2 protein chains.
Amino acid sequence: MPSRINREARKAELAEAAWRVILRSGVSAVSVRTVADEAGLAVGSLRHVFPTRTELLVFSAELMMERANERIRNLPQQGSAEEYVLAVVKNLVPFTEQTRAEMDVNIALVAEATAVPELKALRDSAHEQIAVACIRLAAMLREEHSETPSEDAIRHGRRLHALADGLALHLMHRAESEDLERAVELLREEIRSIAAGRA
Amino acid sequence: MPSRINREARKAELAEAAWRVILRSGVSAVSVRTVADEAGLAVGSLRHVFPTRTELLVFSAELMMERANERIRNLPQQGSAEEYVLAVVKNLVPFTEQTRAEMDVNIALVAEATAVPELKALRDSAHEQIAVACIRLAAMLREEHSETPSEDAIRHGRRLHALADGLALHLMHRAESEDLERAVELLREEIRSIAAGRA
DNA sequence: CCCAAATTAGCACGGTTGTGCTAGTTTGAT
DNA sequence: ATCAAACTAGCACAACCGTGCTAATTTGGG
């Protein structure tokens with residue numbers, strides 16, 4: 001039984017084509033036909049892998065989150081805690097062309113969740129993941145070594161998360177180099193202030 | 001020359017129908033037909049007022065921003081500066097069913113901006129308006145009376161803005177009463193800390 | 001070599017879309 | 001009463017959509 005193509009690679013290829021379509025024309029332009037075209041494949045081939053538009057969208061969202069997750073997990077842990085936390089948070093905010101595109105696609109998929117309910121669970125779990133990650137980072141800055149973060153770490157983690165998300169939104173509007181610098185400075189301050197309050 | 005209908009009222013009526021469609025089925029479900037249907041009008045009537053789908057979407061977005069603007073402008077200025085600022089910021093975050101729906105529609109329209117470029121200018125100007133408002137609020141807390149806000153007020157205004165936007169996003173995911181309390185407490189703290197640093 | 005499975009290709013259906021367009025219907029000022 | 005403007009209603013077109021379905025083509029294990 002032949003398996004000429006690598007199914008996972010093919011799925012990724014199609015998801016990336018879907019991202020490009022979203023970036024160029026918005027999520028409403030995502031259809032089995034436009035994406036197949038963008039990927040240079042026949043509609044039949046796409047539908048052999050993603051029988052419905054919904055499955056295509058869901059996988060596109062999953063892969064995006066997975067990629068971001070992996071990128072952050074692969075961050076070198078060397079340096080001070082403050083440096084590491086800043087490096088992580090920088091990956092949650094559109095500082096590069098890469099993360100900026102990611103954010104753009106994310107907004108589109110979140111908005112589409114009203115029309116495609118299957119996306120809701122995904123967006124919620126992604127948000128939750130980031131939330132607990134931020135709390136873990138806050139606990140790290142506080143030099144807590146307990147398994148469960150303190151109430152204080154939770155509060156600061158949530159705040160850091162809100163600040164990062166807010167800045168992310170702002171940078172989608174204007175992202176001149178001075179805006180980027182201001183944003184990173186704000187994050188640095190926040191991180192410093194969390195670390196400064198450690199017990 | 002008869003003017004049987006109040007044109008502005010009709011436009012508002014249709015925009016509200018569009019909001020309902022967005023909330024129920026997402027922005028991709030907004031079409032001249034679905035919205036006319038939702039408003040209980042014939043397609044021809046809608047198109048007499050909004051010849052194209054784009055014009056309908058743009059006006060729907062404009063009216064939403066205008067309404068929010070007016071709601072905030074009508075806030076009583078009595079009480080301490082801190083109370084007033086909190087009241088204003090509370091209107092930027094989905095604390096009520098009203099503002100929650102507003103936020104939902106807003107996200108949809110922002111996402112649609114990729115497909116309908118006419119929406120981009122709108123979203124940018126709305127964002128800018130809120131940005132300067134936040135800076136003005138920060139200056140108020142600092143008891144600055146100069147026309148142009150200090151560098152300090154700008155910094156704190158931006159921070160307040162980012163925090164509010166981030167919290168707004170979070171409350172779209174989970175908004176139990178405890179989440180609301182936590183969010184308002186965070187804002188209160190931020191406002192207090194801005195006021196505490198005044199010259 | 002050969003066959004069955006994997007893959008590609010594409011037709012067809014009913015439905016929806018935006019928009020150009022025309023034709024009625026109402027209405028208030030004259 | 002009349003007439004032009006404002007409004008309502010709806011047809012028609014070409015383009016798109018998702019998806020069920022069949023048929024051709026490729027391919028590797030036997």
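Throughout, protein chains are lettered first and strands after them, A, B, ... in sequence-line order, and every chain is numbered starting at 1. What you are looking at is a predicted structure, and each value in this text was computed from that prediction instead of being measured.
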Between L92(A) and C134(A) the two heavy atoms that sit nearest each other are CD1-SG, 4.4 Å
For D37(A) and dG10(C), give me the distance from atom CG to atom C1', rounded to whole Å.
-> 14 Å
Could you give the CG-to-P distance, from L46(A) to dG18(D), as a whole number of Å?
-> 10 Å
d(N74(B) CG, E70(B) CD) to nearest 0.5 Å is 5.5 Å
Measure the distance from CG on L41(B) to P on dA6(D) and round it to the nearest whole Å.
-> 19 Å
Between protein and nucleotides 12-19 of chain C, map the contacts as a letter string: B base, S sugar-phosphate only, - none, heavy atoms under 4.0 Å, written 5' to 3'.
-> -----BBB
What's the CG-P distance between N6(B) and dT27(C), to the nearest Å?
-> 16 Å
Between CD of E8(A) and P of dT7(C) the distance, given in whole Å, is 12 Å
When Ile, Leu, Val, Met, Phe, Trp and Tyr are grouped by side-chain heavy atoms lying under 4.5 Å apart, directly or through other members, which residues fall in the same group as I135(B)?
-> I154(B)
When every non-hydrogen atom of V43(A) is compared with those of R33(A), the smallest separation belongs to CG2-CG, 3.9 Å
Phosphate oxygens OP1/OP2 of dC7(D): is one of them under 4.0 Å from a side-chain N or O of S45(B)?
-> no
Report the distance from atom NZ of K11(A) to atom P of dA6(C), rounded to the nearest whole Å.
-> 15 Å
Nearest-Å distance, NE2 (H48(B)) to P (dC7(D))?
-> 4 Å
Grab the CZ-P distance between F50(A) and dG18(D) for me, whole Å please.
-> 14 Å
Taking atom CD of Q98(A) and atom CE of M103(A), what is their separation to the nearest 0.5 Å?
-> 14.0 Å
With sequence neighbours excluded, give me every ring pair (Phe, Tyr, Trp, His ring centres under 6.0 Å) pair touching residues 110-148 of chain B.
-> H170(A)-H127(B), H173(A)-H127(B), H127(B)-H161(B)
